[in-house]
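One structure is given below, encoded as structure tokens.
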Amino acid sequence: MTGSYLEIAPATGERPQIVPAHIDIGNTGKLGVTAWK
């Protein structure tokens, strides 16, 4: 499964931004994320 962008919002109810990206989440259908340091 692949995607071409991420839609990211800084908090619930905030305006999301669309970030172009090539994402391959394999056969799990899940995307894991962590906080940046």
Side-chain angles (χ1 to χ4, degrees):
M1 183 178 275
T2 61
S4 58
Y5 67 89
L6 293 174
E7 186 174 298
I8 302 170
T12 302
E14 296 291 323
R15 183 175 176 217
Q17 295 181 353
I18 295 177
V19 179
H22 176 76
I23 304 160
D24 184 352
I25 57 176
N27 60 2
T28 64
K30 295 180 181 180
L31 174 65
V33 295
T34 59
W36 292 347
K37 292 185 179 182

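Heavy atoms only: backbone and side chains are in, while hydrogens, waters and symmetry mates are out. From a predicted model like this one, the values you see are computed outputs, not experimental measurements.
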Pairs of donor and acceptor atoms involving the side chains of residues 24-31, under 3.5 Å and at least two apart or interchain, shall be tabulated with distances.
from: Asp24; atom 1: OD1; to: Gly26; atom 2: N; distance (Å): 2.9
from: Thr28; atom 1: OG1; to: Ile25; atom 2: O; distance (Å): 3.3
from: Thr28; atom 1: OG1; to: Lys30; atom 2: N; distance (Å): 3.2

Quiz prompt | Residue list, side-chain contact (heavy atoms from CB on, under 4.5 Å) with Pro16, at least two apart or on another chain | solution = Glu7, Ala9
Self-check item: Smallest separation among heavy atoms of Ile23 and Tyr5, with atom names
Solution: CD1-O, 4.0 Å
